[in-house]
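Here's the structure, in structure tokens; my notes come after.
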Amino acid sequence: MTPNSQAASRRWLVAWQLVRKLPEPLAFALGGVGGRVYRRLDRGRREALEANLAQVLGPGSGRRELARAVRRGFTSYGRYWVEAFRLEDLTAASIRERLRIEGREHIDTALAGGRGAIFASPHIGNWDAGGAWLAASGYPATAVVERLRPAELYERFAVYRRALGLELLPLDDGSETLRGVVRALRAGRLACLVCDRDLTGGGLEVRLFGARTVMPGGPASIALRTGAPLLPCSVYHDRRPGHWRAVVHPPLEPERSGDSRKDTLALTQRLAEEFEGLIAAAPEQWHVLSRYFRGPVR
């Protein structure tokens, strides 16, 4: 770990402790301020989110609308971190009370099939709150998580997510991660995948908001391999800080041609189309602060 990464890790961990000790209204107020300060200080992230949201909002959006969406995006991002830092202190009953869910019947129907189910979500709102609600509601859930750097910060997040009741699989363990997801599904668990970004370099090109981008093919590939239902979903910030609204869509039915790569690409494209609708419902809550789109559709 370099001195810079050590310092950054310490700042995150100090902020984590501070936010947990503050009264909730003050914590969320500071989260909003932090998001706005981050927007001003990090030009690269600001320009990346602006480019991403310009594609989402489309050519009909004006400069003022785009600037407002970017401001709200960073405020939403600050809120996400405050909620994440405070989530482990909530009781199961409080988590269930704070989250409203639409489409719960799709979870129950999927699990009744005996093959588990795959939750596929974009980086929107607060996906951690969704995992916490699943555990608090008695659903056995396994989450694939990005291995943060430095390691000290990753371990703190691992402790926090396990405290919520989630089983964790690190994203970058390659074939072992894949085997872990398959084992979870065979055990009748929910596999939770935040999968709008390709973090491994082996993704598939899809069309999203009229542009090209790359999404991981893993969710579709696993669904085709195991027969587990693939459920697009999102967990949005509610108007009240520390409250959420979850949406679960019906499972995507794969079309099998006998060509596994072709079928995986087709199902990934259908998932991208679902994500398009989920993101468009609250674009200012889409927390992707790196360049996402690769140009117009060819």
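Counting begins at 1 with the first residue of the sequence. Because only heavy atoms are used, hydrogens play no part in the values below, and waters and symmetry mates are left out as well, while side chains stay in.
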- Message: The test is side chain to side chain contact (heavy atoms under 4.5 Å, CB included); show your working for Leu271 and Leu252 and say whether it passes.
- Response: CA-CA 8 Å; Leu271 183 60; Leu252 298 179; 4.1 Å; yes
- Task: Please assess Arg183 against Glu176 for the test salt bridge (Lys or Arg N to Asp or Glu O under 4.0 Å), listing each intermediate value before the final yes or no.
- Result: CA-CA 10 Å; Arg183 284 195 300 269; Glu176 181 55 37; 3.0 Å; yes
- Task: Tell me, with the steps shown, if Arg212 and Arg207 meet side chain to side chain contact (heavy atoms under 4.5 Å, CB included).
- Result: CA-CA 5 Å; Arg212 291 178 290 114; Arg207 303 178 304 280; 5.6 Å; no
- Message: Would Ile95 and Ser137 count as a side chain to side chain contact (heavy atoms under 4.5 Å, CB included) here? Give the steps.
- Response: CA-CA 9 Å; Ile95 290 170; Ser137 301; over 6 Å; no
- Stepwise side-chain hydrogen bond (donor to acceptor under 3.5 Å, both in side chains) test for Arg104 and Tyr139: CA-CA 11 Å; Arg104 182 173 183 171; Tyr139 292 102; 2.9 Å; yes
- Message: Between Ile118 and Leu231, does the side chain to side chain contact (heavy atoms under 4.5 Å, CB included) criterion hold? Intermediate values first, please.
- Response: CA-CA 6 Å; Ile118 302 168; Leu231 303 172; over 6 Å; no
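The environment of CD in Glu255 is sparse: at most 12 heavy-atom neighbours from other residues, nucleotides or ligands sit within 6.0 Å.
Two residues are said to be in side-chain contact when any heavy atoms from C-beta on lie closer than 4.5 Å; Leu57 and Pro283 meet this criterion. With a 4.5 Å cut-off on side-chain heavy atoms, Arg36 and Phe74 do not count as touching. With contacts defined as side-chain heavy-atom distances shorter than 4.5 Å, the pair Val56/Asn52 does not qualify. Proximity of Leu230 to Pro251: side-chain heavy atoms (C-beta onward) are nowhere separated by under 4.5 Å. Counting heavy atoms from C-beta outward, Asn126 and His237 have side chains that approach closer than 4.5 Å. In this structure, Ile101 and Val248 have side chains that are in contact, with non-hydrogen atoms separated by less than 4.5 Å.
For Trp244 and Trp127, the ring centers sit 6.0 Å or farther from each other. The aromatic ring centroids of Phe119 and Trp133 lie 6.0 Å or more from each other.
Checking Ser94 against Arg98 by side-chain atom types alone, a donor-acceptor pair falls below 3.5 Å.
Atom CG in Leu185 sits 5.0 Å away from atom OG1 in Thr226 (nearest 0.5 Å). The line from CZ of Arg79 to CD of Glu83 is 4.5 Å long, rounded to the nearest 0.5 Å. Distance OG1/Thr213 to CD/Gln55: 9.5 Å, rounded to 0.5 Å. Note that the NZ atom of Lys262 and the CG atom of Leu267 stand 14.0 Å from one another [nearest 0.5 Å]. Put simply, CG on Leu193 and CG on Leu171 are 9.5 Å apart, with the number rounded to the nearest 0.5 Å. Here Leu134 contributes atom CG and Leu190 contributes atom CG; the two are 5.5 Å apart, rounded to the nearest 0.5 Å.
Residues Ala120 and Cys195 come closest through the heavy atom pair CB-SG, 3.7 Å. Minimum interatomic distance between Pro122 and Leu278 (heavy atoms only, all atoms of both residues): CD-CD1, 4.3 Å. Here the closest heavy-atom approach between residue Leu99 and residue Val235 is recorded as CD1-CG1, 4.0 Å. Residues Ala110 and Pro229 come closest through the heavy atom pair CB-CG, 3.7 Å. Of all the heavy atoms in Leu224 and Pro254, the pair that sits closest is CD2-CB, 3.4 Å. Listed here is the closest heavy atom pair of Leu49 and Gly73: CD2-CA, 4.2 Å.
Transitive grouping of hydrophobic side chains (ILVMFWY, heavy atoms separated by less than 4.5 Å) brings Leu166 and Val145 into a common cluster. Each of Leu265 and Ile222 belongs to its own hydrophobic cluster when Ile, Leu, Val, Met, Phe, Trp and Tyr are linked at side-chain heavy-atom distances under 4.5 angstrom. One hydrophobic cluster, built from ILVMFWY side chains closer than 4.5 Å, cannot hold both Phe275 and Leu204; they sit in different ones. Both Trp16 and Tyr80 are part of a single hydrophobic cluster, where members link through side-chain heavy atoms under 4.5 Å apart. In the hydrophobic cluster analysis, where Ile, Leu, Val, Met, Phe, Trp and Tyr join through side-chain heavy atoms closer than 4.5 angstrom, Leu199 is grouped together with Ile124.
Using modelled atom types, no side-chain atom of Ser61 and backbone atom of Leu66 make a donor-acceptor pair closer than 3.5 Å. Of the possible donor and acceptor atoms, one in the side chain of Arg86 sits under 3.5 Å from a partner among the backbone N and O of Leu22. Asp263 contributes a side-chain N or O that, together with a main-chain N or O of Ser257, makes up a donor-acceptor pair within less than 3.5 Å. Under a 3.5 Å cut-off, the side chain of Arg245 and the backbone N or O of Tyr236 do not form any donor-acceptor pair. Although no hydrogens or angles enter the test, the distance criterion places no donor-acceptor pair under 3.5 Å between the side chain of Arg162 and the main chain of Phe157.
A salt bridge does not link Arg46 to Glu50: none of the charged side-chain nitrogens sits closer than 4.0 Å to a carboxylate oxygen. The existence of a salt bridge linking Glu88 and Arg156 is confirmed by a sub-4.0 Å separation between a basic side-chain nitrogen and an acidic carboxylate oxygen. Between Asp89 and Arg20 a salt bridge is recorded (basic side-chain N to carboxylate O distance below 4.0 Å).
Among residues at least two apart or in separate chains, side chain to side chain donor-acceptor pair (under 3.5 Å) pairs with a member in residues 265-294 are Ser76-His287, Asp196-Trp286, His249-Glu274, Gln269-Glu273.
In this structure, Phe85 and Trp81 have tilted ring planes: the angle between them lies in the 30° to 60° band.
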